[in-house]
Amino acid sequence: MKDATELPRSLLVLGGTSEIALATARRLIARRTRTVWLAGRPSLALENAAGSLRALGADVHTVAFDALAPETHEGVLGKVFADGPVDLVLLAFGILGDQAHDERDPVRAVRVAQTNYTGAVSAGLVAGRALQAQGHGWLVVLSSAAAERARRTDFIYGSSKAGLDVFAQGLGDALYGTGARVMVVRPGFVRTRGTAGRSRTPFATTPEAVATAIELGLRRDAETVWVPGSLRLLTTALRHTPRALFRRLAL
């Protein structure tokens, strides 16, 4: 297990207003991180997030970044890496969508897919190449337990996360041996402002719990992290459940 001196000193967050990402940044700042870039669409929320981290003693910069503008990713992220080494890139952007509405509105459904998958493919490839070029660093990708099997209640979101999950695993294999590493994080239902009002599910977790799991995964050089850990056994069982039975489960 790594000690705190090997945790990242610099952090680039793609999705700078994500509650999970900010909880992770706070935890890493308390350990070792001193420089943070928060990348996201310019907004008061992004500036407030930066201010909250500066109050913890970190040197924080905001970066204009749009997941839906892949043609800009290389230029935007290239400027960050040109400022100095980045020890950890946290790919945390994504949207849940609204299954009931989105399946009746293909344009909205495609926006979920473009944000969660195609935007992440672009940003992930750019970040992975930059980490490889500098010879070290982590790319931590926020996937979801929903990626493991399509469910009637969220198959649009789940399919986008499934694509992201497979992409991240493959990128990790492609980068193996270069000094750059990829860790896939699969939380269950996370209680955030974005999920307020949605029915809660068993194994629900919090941004702080996901942040704790990410730190532990970094210390252990993990390639995959489940939050909570017990979800791994449950999703394995569900993945092998016969489809006719799976359809009858209240998931």
Side-chain angles (χ1 to χ4, degrees), residues 1-16 18-38 49 52-53 56-58 85-94 120 124 127-128 131 136-148 161 164-173 175-192 194-195 201-237 239:
M1 182 178 291
K2 294 183 176 183
D3 60 30
T5 62
E6 296 184 68
L7 291 174
R9 289 191 62 85
S10 55
L11 167 67
L12 167 59
V13 177
L14 303 179
S18 159
E19 291 180 60
I20 295 174
L22 292 174
T24 303
R26 289 192 295 271
R27 189 170 187 88
L28 294 177
I29 289 169
R31 304 298 186 269
R32 188 170 186 255
T33 301
R34 292 295 172 265
T35 304
V36 179
W37 291 270
L38 294 181
S52 70
L53 298 183
L56 300 177
V86 177
D87 298 328
L88 191 155
V89 179
L90 177 56
L91 200 160
F93 59 81
L131 293 171
H136 77 278
W138 281 96
L139 173 62
V140 175
V141 177
L142 289 185
S143 178
S144 170
E148 284 293 288
K161 286 295 189 178
L164 170 63
D165 199 290
V166 172
F167 165 77
Q169 292 179 62
L171 181 58
D173 292 340
L175 293 174
Y176 183 77
T178 68
R181 292 166 288 180
V182 177
M183 181 167 75
V184 178
V185 182
R186 297 175 183 148
F189 182 90
V190 183
R191 295 188 291 271
T192 66
T195 60
T201 63
F203 303 96
T205 188
T206 65
E208 290 73 24
V210 179
T212 300
I214 288 173
E215 181 192 346
L216 185 58
L218 293 172
R219 291 178 181 274
R220 291 179 171 175
D221 284 333
E223 292 181 312
T224 308
V225 172
W226 295 83
V227 194
S230 53
L231 265 181
R232 181 170 191 165
L233 293 176
L234 175 63
T235 55
T236 297
R239 189 167 62 247

Subject >> Residues which pass side chain to side chain contact (heavy atoms under 4.5 Å, CB included) with Ser144, listed by chain and number, not counting sequence neighbours >> reply: Ala146, Tyr157, Lys161

**OP:** Please report the shortest heavy-atom distance between Leu175 and Gly128, naming the atom on each side.
**Re:** CD2-O, 3.8 Å

Original post:
What distance do Arg32 atom CZ and Leu11 atom CG have between them, rounded to the nearest 0.5 Å?
Top reply: 13.0 Å

Original post:
When rounded to the nearest 0.5 angstrom, what is the spacing between CG in Leu218 and CZ in Arg31?
Top reply: 11.5 Å

Original post:
Between atom CG of Leu56 and atom CZ of Arg26, what is the distance when rounded to the nearest 0.5 Å?
Top reply: 8.0 Å

**OP:** Would you check if the side chain of Arg34 reaches a backbone N or O of Ile29 as a donor-acceptor pair within less than 3.5 Å?
**Re:** yes

Subject >> Heavy-atom closest pair, residues Val210 and Pro187 >> reply: CG2-CB, 4.0 Å

Subject >> Flag, side chain of Thr33 to backbone of Pro8, donor-acceptor distance under 3.5 Å >> reply: yes

Original post:
Of Asp87, Leu131, Thr178, which is the lone residue that meets side-chain contact (heavy atoms from CB on, under 4.5 Å) with His136?
Top reply: Asp87

Subject >> Nearest heavy-atom neighbours spanning Gly124 and Leu171 >> reply: O-CD2, 3.6 Å

Original post:
Hey, mind stepping through Leu38 and Leu53 against side-chain contact (heavy atoms from CB on, under 4.5 Å) and telling me if it holds?
Top reply: CA-CA 10 Å; Leu38 294 181; Leu53 298 183; 4.1 Å; yes

**OP:** Using a 4.5 Å cut-off on heavy atoms from C-beta on, say whether the side chain of Val225 contacts that of Ile214.
**Re:** no

Original post:
How long is the gap from CZ on Arg27 to CG on Leu7, to the nearest 0.5 Å?
Top reply: 10.0 Å

Original post:
So which heavy atom on Pro85 is nearest to which on Ser10, and how close?
Top reply: O-OG, 3.0 Å

**OP:** Please round to the nearest 0.5 Å and tell me the distance separating atom CG of Leu12 and atom CG of Leu139.
**Re:** 9.5 Å

Original post:
Should Trp37 and Val86 count as side-chain neighbours, where that means a heavy-atom distance under 4.5 Å?
Top reply: yes

Original post:
Okay, side chain of Ser143, backbone of Val184: is any donor-acceptor separation there less than 3.5 Å?
Top reply: no

Subject >> Closest heavy-atom pair and its distance - Ala23, Pro207 >> reply: CB-O, 3.7 Å

**OP:** Would you check if there is a donor-acceptor pair between the side chains of Gln169 and Asp165 at a distance under 3.5 Å?
**Re:** yes

**OP:** Nearest 0.5 Å please: distance from the CG atom of Leu90 over to the CG atom of Leu22.
**Re:** 9.5 Å

Subject >> Shortest non-hydrogen contact from Gly15 toward Ala21 >> reply: O-CB, 4.1 Å

